[in-house]
Novice: 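Structure in structure tokens, see below.
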Amino acid sequence: KPRGKNIVTACCGTACHVKGADAIISRMRADLAIAEGEDTTADGQFTMENVACVGACSIAPVVIVNKKVHGGVTADMASELLKKNNK
């Protein structure tokens with residue numbers, strides 16, 4: 001299946017999980033309207049992937065958008081990151 005133009009990687013490691021990764025991931029999936037069981041938006045703009053750990057636990061929770069690492073992310077920050085990359 002083709003990947004989206006923008007790749008969003010959410011860390012689900014222990015530190016990120018404890019600091020709210022589930023809420024961040026849920027918010028991003030809702031913002032992007034990605035259906036359950038799917039990874040890519042219908043328009044092909046975004047692909048979301050969850051990984052076990054990105055090795056940046058000291059700045060958890062971590063979201064990577066197009067290879068740029070963002071630490072200390074909140075659900076609101078995640079929404080803004082998506083808006084900035086939706087070009």
Side-chain angles (χ1 to χ4, degrees):
K1 191 170 189 180
R3 291 169 56 88
K5 176 181 171 189
N6 299 287
I7 307 300
V8 179
T9 305
C11 181
C12 297
T14 302
C16 291
H17 175 74
V18 168
K19 292 188 175 189
D22 289 342
I24 293 165
I25 293 166
S26 293
R27 174 77 164 271
M28 288 191 299
R29 289 183 70 80
D31 287 350
L32 295 172
I34 296 177
E36 190 65 35
E38 295 293 322
D39 297 326
T40 304
T41 57
D43 63 5
Q45 287 298 306
F46 288 90
T47 292
M48 272 198 64
E49 54 190 22
N50 299 347
V51 296
C53 184
V54 297
C57 303
S58 63
I59 60 170
V62 175
V63 172
I64 302 170
V65 181
N66 297 326
K67 299 184 182 180
K68 183 170 181 187
V69 178
H70 302 275
V73 176
T74 64
D76 289 338
M77 288 171 62
S79 289
E80 287 302 314
L81 288 171
L82 296 176
K83 287 177 190 173
K84 286 179 185 177
N85 287 281
N86 193 11
K87 299 174 185 167

Novice: Of all residues at least two apart in sequence or in a different chain, which pass the side chain to side chain contact (heavy atoms under 4.5 Å, CB included) check with His70?
Specialist: Val65, Lys68, Val73, Leu81
Novice: Can you sort out the partners of Ala15 under side chain to side chain contact (heavy atoms under 4.5 Å, CB included), two or more places apart, ordered by chain and number?
Specialist: Cys57, Ala60
Novice: Determine whether Val54 and Ile64 make a side-chain contact, defined as any pair of heavy atoms from C-beta on separated by less than 4.5 Å.
Specialist: yes
Novice: Looking at residues at least two apart in the chain, or sitting in another chain, which of them share a side-chain hydrogen bond (donor to acceptor under 3.5 Å, both in side chains) with Asp31?
Specialist: Ser79
Novice: Suppose we screen for side chain to side chain contact (heavy atoms under 4.5 Å, CB included). Which residues come up paired with Ser26, at least two apart in sequence or across chains?
Specialist: none
Novice: About how many Å separate NZ of Lys5 and CG of Asn86, when rounded to the nearest 0.5 Å?
Specialist: 8.5 Å
Novice: How many angstroms lie between atom CE of Met48 and atom OG1 of Thr9, to the nearest 0.5 angstrom?
Specialist: 8.5 Å
Novice: Donor-acceptor pair, distance only, cut-off 3.5 Å: does the side chain of Thr41 make one with the backbone of Leu32?
Specialist: no
Novice: Considering only residues two or more places apart or on different chains, which pairs with a residue in residues 36-55 satisfy salt bridge (charged side-chain N to carboxylate O under 4.0 Å, His left out)?
Specialist: Lys1-Glu38, Arg3-Glu49
Novice: Quick one: pull up CZ in Arg29 and CG in Leu82 and give me the separation to the nearest 0.5 Å.
Specialist: 12.0 Å
Novice: Please identify each residue that fulfils side chain to side chain contact (heavy atoms under 4.5 Å, CB included) with Asn66, with sequence neighbours left out.
Specialist: Asn6, Ile7, Asn85
Novice: If you measure from CE on Met77 to CZ on Arg27, what distance do you get to the nearest 0.5 Å?
Specialist: 12.0 Å
